[in-house]
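Owing to the predicted nature of the structure, the values given are computational and were not obtained by experimental measurement.
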Amino acid sequence: MIATAQEKTKKPFGLVYGDAIKENVKGKVNIHPVTYKLNGIDIAANVYTPANYETSKKYPAVVVAHPNGGIKEQTAGLYAQRLAENGYITIAADAAFQGASGGEPRHTDKPFYRVEDIHGMADFISKYPGVDANRLGAFGICGGGGYTLKAAQSDKRFKAVATLSMFNSGEVRRNGFQNTALATIQDRLKQASDARAQETSGGKTIYAGVASITDEEIEKTPTDLYREGYVYYYRTHAHPNSTFLYTMSSMLDLMTWDATSNIDLINQPLLMMAGSKADTKYMTDEAFPKAVNAKTKELFVIDGATHIQTYWKPEYVSQAATKLVDFFGKNI
C-alpha cells in the first residue's frame, strides 16, 4: 500500500524517500535541520553527518541541489544520505522562495537565485564543524544539475562537480521540452512580461505549471518525464512543500538563461550521469562535449533508467550513488 502524503510527512524530519532516517541514533548517519540567511532570505536545509561523526575530525563535504519542483526531503535528501553513509558531510537546502525556505512571491524560480542557493550551501557547510573546506564537491539533480553546472563555472571552492539527470531549465522554458515550442517563444515572453507588469502594479501573481492533476490526466501524459514526474511528486513521494508551480514572471529570466553558456569555465573534474531511457538525456548529451576545459570528465549512463527512476528506484540509485562515491573519493 502506498502511504499518503499526510502519513509520510508525519515521519520525523518529513522525509519521503525510501530508507529515510527515522531517528538520530548515536554512531549512525544523523540528520540536522538547520536554517541560515542568504541575501536576506531564510533558507531551510538538512545537514547529514556520517556514522561516528566527531567535530574534532575533518570530513569532505558535498552540497546537493534539488530538482525543479523538488525539495530537500525527496531525492536530494536520499542522495545526501547515501553520500553521508560513505563518509561525507552533506547539505540539501530548499531553494529560496520554495519549500520551507522564505522569500516572496512564493515559487519564484529565477536562475540567479537557484545558483545563489548553491553558493549559499557552500558558504554554510564550509563553516560546519568537522568540514574540510578544501574538500568540497557539488552535486545537482535535474534542474539542480543545470544550476550546479553554472555555479561551478565561477565557484572554485567546488573541487569536483557531478550531475544526475541534468535538466537545462533555461533551454526547456525557452524552447519547450525536446524543442517542441520554438514557434511560441515570443508569445510566451509577452505572457511573462504581462505577468510582471501585473505583479509590480499590485495585481495577483500569475503562476505557470501544474498545481494538481488527476490520475486520468497523468495516464494521458505522453512523455516519461512529466507522466512519471506527476506520479513521483503528487502520489508516491508527495510532500506539501513540493510543487510544480512557478511564477509566470520568472520566465523573463529563465528564457534568457542557459546552463551551458560559459560551461568552458568549468576546470574541475566533471561527472554527468543520465539514464539510457531518459527523455531528458539530450540535455546531458548537449552539455557534456561543451565542457572542454574540465580537468577530467566522464559521462556515466545508467542502463535502463528513465529520468524520474534515477530519483528513487533502488537499483538505479545504487548505481548512481556508487559512482558518486568513487568520483568524489578520487577528486575531493
Side-chain angles (χ1 to χ4, degrees), residues 5 9 35-45 65-74 93-120 142-144 146-147 150 167-177 179-214 216-218 220-221 223 225-226 229-230 232-234 238-259 261:
T9 53
T35 58
Y36 53 90
K37 290 279 189 183
L38 180 64
N39 299 315
I41 295 173
D42 290 316
I43 301 297
H66 65 67
N68 292 343
I71 52 170
K72 63 188 181 298
E73 288 86 0
Q74 295 165 328
D94 285 340
F97 306 95
Q98 301 174 30
S101 292
E104 295 288 342
R106 299 306 297 163
H107 314 307
T108 295
D109 191 29
K110 297 184 178 183
F112 169 81
Y113 292 108
R114 287 298 305 269
V115 174
E116 267 293 289
D117 292 328
I118 296 166
H119 296 314
C142 182
Y147 294 124
K150 183 61 67 176
F167 186 90
N168 186 342
S169 300
E171 180 181 28
V172 173
R173 301 296 180 243
R174 179 172 57 253
N175 296 344
F177 186 52
N179 300 310
T180 55
L182 294 170
T184 62
I185 289 174
Q186 293 299 331
D187 292 337
R188 288 180 287 114
L189 284 168
K190 177 66 163 56
Q191 278 186 313
S193 303
D194 291 345
R196 176 158 180 154
Q198 179 167 311
E199 283 180 23
T200 56
S201 63
K204 184 179 179 181
T205 300
I206 300 172
Y207 288 96
V210 177
S212 63
I213 193 166
T214 66
E216 184 180 19
E217 288 169 330
I218 291 174
K220 291 180 178 178
T221 302
T223 59
L225 172 66
Y226 290 102
Y230 294 142
Y232 180 89
Y233 285 111
Y234 288 124
H239 191 289
N241 288 347
S242 173
T243 176
F244 270 164
L245 293 178
Y246 54 95
T247 61
M248 183 70 76
S249 60
S250 295
M251 295 282 278
L252 288 178
D253 300 87
L254 281 162
M255 288 178 68
T256 56
W257 184 86
D258 198 284
S261 63

- Would you sort out whether Thr205 and Thr247 count as a side chain to side chain contact (heavy atoms under 4.5 Å, CB included), showing the intermediate values? CA-CA 7 Å; Thr205 300; Thr247 61; 3.8 Å; yes
- Hey, mind stepping through Val210 and Tyr226 against side chain to side chain contact (heavy atoms under 4.5 Å, CB included) and telling me if it holds? CA-CA 10 Å; Val210 177; Tyr226 290 102; over 6 Å; no
- Start with the C-alpha distance between Tyr207 and Arg106, add both sets of side-chain angles, then the distance that settles side chain to side chain contact (heavy atoms under 4.5 Å, CB included), and finish with yes or no. CA-CA 10 Å; Tyr207 288 96; Arg106 299 306 297 163; 4.2 Å; yes
- Message: Run Asn179 and Glu171 through side chain to side chain contact (heavy atoms under 4.5 Å, CB included) and show every step you take.
- Response: CA-CA 8 Å; Asn179 300 310; Glu171 180 181 28; 4.1 Å; yes
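With rounding to the nearest 0.5 Å, the separation of CD1 in Ile206 from CG in Leu245 is 13.0 Å. To the nearest 0.5 angstrom, Ser212 atom OG is 10.5 Å from Tyr230 atom OH. Note that CD of Glu73 is 6.5 Å distant from CG of Asn241, once rounded to the nearest 0.5 Å. In this structure, the separation between OH on Tyr113 and CD1 on Ile118 is 15.5 Å, given to the nearest 0.5 Å. Of the inter-residue distances, the one linking Leu189 atom CG with Thr256 atom OG1 reads 8.0 Å to the nearest 0.5 angstrom.
The side chain to side chain donor-acceptor pair (under 3.5 Å) test applied to Gln191 returns no partner, not counting sequence neighbours.
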Throw together a table of side-chain donor-acceptor distances under 3.5 angstrom for residues 196-203, partners on residues two or more places apart or in other chains.
unit_1: Gln198; atom_1: NE2; unit_2: Lys204; atom_2: O; d: 2.8
unit_1: Glu199; atom_1: OE1; unit_2: Ser249; atom_2: OG; d: 3.3
unit_1: Glu199; atom_1: OE2; unit_2: Ser249; atom_2: OG; d: 2.9
unit_1: Thr200; atom_1: OG1; unit_2: Arg196; atom_2: O; d: 3.0
unit_1: Thr200; atom_1: OG1; unit_2: Ala197; atom_2: O; d: 3.2
unit_1: Ser201; atom_1: OG; unit_2: Ala197; atom_2: O; d: 3.1
unit_1: Ser201; atom_1: OG; unit_2: Gln198; atom_2: O; d: 3.0

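A donor-acceptor distance shorter than 3.5 angstrom exists from the side chain of Lys150 to the backbone of Ser261, with no hydrogens or angles considered. Judged by distance alone, the side chain of Ser242 and the main-chain N or O of Ala238 form no donor-acceptor pair under 3.5 Å. Using a distance-only test at 3.5 Å, with no hydrogens or angles considered, a donor-acceptor pair links the side chain of Asn168 to the main chain of Ala259. With Ser250 contributing its side chain and Thr108 its backbone, the two residues share no donor-acceptor pair below 3.5 Å. Between the Arg114 side chain and the Asp109 main chain, no donor and acceptor come within less than 3.5 Å of each other. Side chain of Asp253 to main chain of Pro111: no donor-acceptor pair is present (N/O by atom type, distance under 3.5 Å, no hydrogens or angles).
In Tyr234, the OH atom is crowded: over 12 heavy atoms of neighbouring residues, nucleotides or ligands sit closer than 6.0 Å. Counting heavy-atom neighbours within 6.0 Å of Glu104 CD, excluding the residue itself, gives a total above 12.
Between the side chains of Glu116 and Asn39, at least one donor N or O lies within less than 3.5 Å of an accepting N or O. Side chains of Arg188 and Thr184: a donor on one and an acceptor on the other come within 3.5 Å.
The minimum heavy-atom distance between Gln98 and His66, with the atom names listed, is OE1-CE1, 3.9 Å. Pairing each heavy atom of Leu252 with each of Ser193, the nearest pair is CD2-OG, 3.5 Å. Looking at every heavy atom in both residues, Gly102 comes nearest to Ile41 through O-CG2, 3.3 Å. When all heavy atoms are compared, the tightest approach of Ala95 to Ser101 is O-CB, 3.4 Å. The shortest non-hydrogen separation linking Gly103 to Phe97 is C-CD2, 3.3 Å. Residues Gly70 and Tyr233 share a closest heavy-atom pair of CA-CE2, 3.7 Å.
Residues Arg174 and Asp258 meet the side-chain proximity criterion, which asks for heavy atoms closer than 4.5 Å. Using a 4.5 Å heavy-atom cutoff, the side chains of Leu254 and Lys110 are not in contact. Using a 4.5 Å heavy-atom cutoff, the side chains of Tyr246 and Met251 are in contact. Using a 4.5 Å cut-off on side-chain heavy atoms (C-beta onward), Tyr147 and Ser169 make contact. Between Leu225 and Phe177 there is a side-chain heavy-atom pair separated by less than 4.5 Å. Using a 4.5 Å heavy-atom cutoff, the side chains of Gln74 and Tyr232 are in contact.
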